[in-house]
Amino acid sequence: MESVHSVLERFNDDLLQFPAYVAAFNDIDGLLRLHRETGIAQHLLILGESGTGKTTLCLDFVTRHPRVVLAERDVVPVLHVPIPPVATIAAVTEAMLTRLGDPCPTAGTVSSKTARAIKLARAVSVELLLIDEAQHIQDRGKLPTQYLVGDWLKTVMDEIAVPTVLLGLPRVAKLLQVNEQVRRRFSRRRYLQMGQHGETSIEGECLQLFLSLGENFPIPLSCGSLGWKEMAQRVYYASDGRVAYIKKLLSGAIRIAMEQQLSHVGADTLEAAFTQEVWWEGIDQLNPFNERFQFRRLNRASEPFEQVLVAPTAGRGGRRA
Ligand SMILES: Nc1ncnc2c1ncn2[C@@H]1O[C@H](COP(=O)(O)OP(=O)(O)OP(=O)(O)O)[C@@H](O)[C@H]1O
Ligand SMILES: [Mg+2]
């Protein structure tokens, strides 16, 4: 029998084309095509909670349009720049220079670094700019820093003149309120969220993801006496409709099932996996796979899917994945 390790490895690498992901992918692809065909640079804001697939989407684009090393220069069609946690202009510019392959990203004044980044981006023929973790601009920065970074972004976008996608947590929408020029450039928005495409409900989409991930398992998934409709609801509450948590749940469950040589993965195994992988306080009626569960979102204070609407203060992490 295959080892737990190799099953989990295969499972983690599996890229799923769920509707919200495909829609966001097609949006970005459309921007790239439009630019290639007409030279027009349109921009897009992608908002999604932690673990909905924003960074995965960026990496997917980078993989499909990889850096090419030519004799005379490199070509970097897609530039993915995650905003660093302390998002000063200097730090953001350095992050961009590093991704562009600049040998000394910290050298020079802020304005000379910015000029260098713009020049280098043109030299390597960047066609698409993906700015990830945009909430970091807001999280640590005081308002003046947010304005400055916003202005910096506007300048860089105007100078490089390629489609730019800004990705971050939903609270990034608030950040854009403080800078009108940036807001105007990102008037097109997409939420990376399940349950907004076609007829399928969010619970139904969660179940589809859950089952398609489970297809490659050596041990079958079972809904037991609950039925798949109820299982779908429980999976939704256990994951908050985020792909990362569906994967955490399932990878925990398959590990338990293989170690204990179970014949199937059912609600009991998922109950244990939820406590181990998602929320250690999630027991009894706070566990979506427990029979006493109340069928409500686990988004109250200190629960795993608590909504963080404002930037966390220093010392408290905003990330939960
Ligand atoms: N389309 C997908 N198919 C399979 N797995 C995915 C997909 N999208 C995301 N994942 C999984 O979910 C995990 C979290 O995804 P990702 O890091 O892209 O989320 P994020 O939205 O960038 O979160 P954060 O806001 O915390 O940075 C990844 O490790 C990956 O395994
Ligand atoms: Mg991310």
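Whatever order the structure lists ligands and atoms in, that order sets their numbers, starting from 1.
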- prompt: Using the ring of each side chain (for Trp, its six-membered ring), is Phe217 parallel, tilted or perpendicular to Phe11, with breaks at 30° and 60°?
  reply: tilted
- line: So the atoms of ligand 1 within less than 4.0 Å of a heavy atom of Thr52 turn out to be 19 (O), 21 (O)
- request: Look at the aromatic rings of His65 and Phe61 and report parallel, tilted or perpendicular, splitting at 30° and 60°.
  value: parallel
query: Any N/O/S atom of Ser50 sitting less than 2.8 Å from the Mg ion (ligand 2), backbone or side chain?
result: no
- line: In ligand 1, the atoms that come under 4.0 Å of a heavy atom of Leu16 are 1 (N), 2 (C), 3 (N), 4 (C)
- prompt: Does a donor on one side chain and an acceptor on the other come within less than 3.5 Å for Gln261 and Glu259?
  reply: no
query: Going by the order shown, which atoms of ligand 1 are within less than 4.0 Å of some heavy atom of Asp14?
result: 3 (N), 4 (C), 5 (N)
- request: Tell me which one of Lys54, Lys247, Gln17 gets a heavy atom nearest to atom 21 (O) of ligand 1.
  value: Lys54
Short side-chain donor-acceptor distance under 3.5 Å, Gln285 and Gln294: yes
query: Among the heavy atoms of Gly51, does any lie under 4.0 Å from an atom of ligand 1?
result: yes
- prompt: Can you list the atoms of ligand 1 that are under 4.0 Å from a heavy atom of Glu133?
  reply: 27 (O)
Distance-only donor-acceptor check, side chains Thr275 and Asn287, under 3.5 Å: yes
Listing, residues 74-95 side-chain donor-acceptor contacts under 3.5 Å, not counting sequence neighbours, or none:
| from | atom 1 | to | atom 2 | distance (Å) |
| --- | --- | --- | --- | --- |
| Asp74 | OD2 | Arg67 | NH1 | 2.9 |
| His80 | NE2 | Asp132 | OD2 | 3.2 |
| Thr88 | OG1 | Ala91 | N | 3.1 |
| Thr93 | OG1 | Ile89 | O | 2.6 |
| Thr93 | OG1 | Trp152 | NE1 | 3.3 |
| Glu94 | OE2 | Lys113 | NZ | 2.7 |

query: Is the shortest N/O to N/O distance between Ser50 and ligand 1 below 3.5 Å?
result: yes
message: For ligand 1 and Gly53, I'd like to know whether there is a polar contact (N/O to N/O, distance under 3.5 Å).
response: yes
field: Heavy-atom check, side chain of Trp228 versus side chain of Leu211, under 4.5 Å
entry: yes
field: For Leu15, atoms of ligand 1 separated by under 4.0 Å from a heavy atom
entry: 1 (N), 2 (C), 3 (N), 4 (C)
task: Heavy-atom contacts with Leu169 under 4.0 Å: which atoms of ligand 1 show up? List them by number with element.
output: 25 (O)
- request: Consider only side-chain N and O atoms of Thr164 and Arg185, and report whether a donor and an acceptor are under 3.5 Å apart.
  value: no
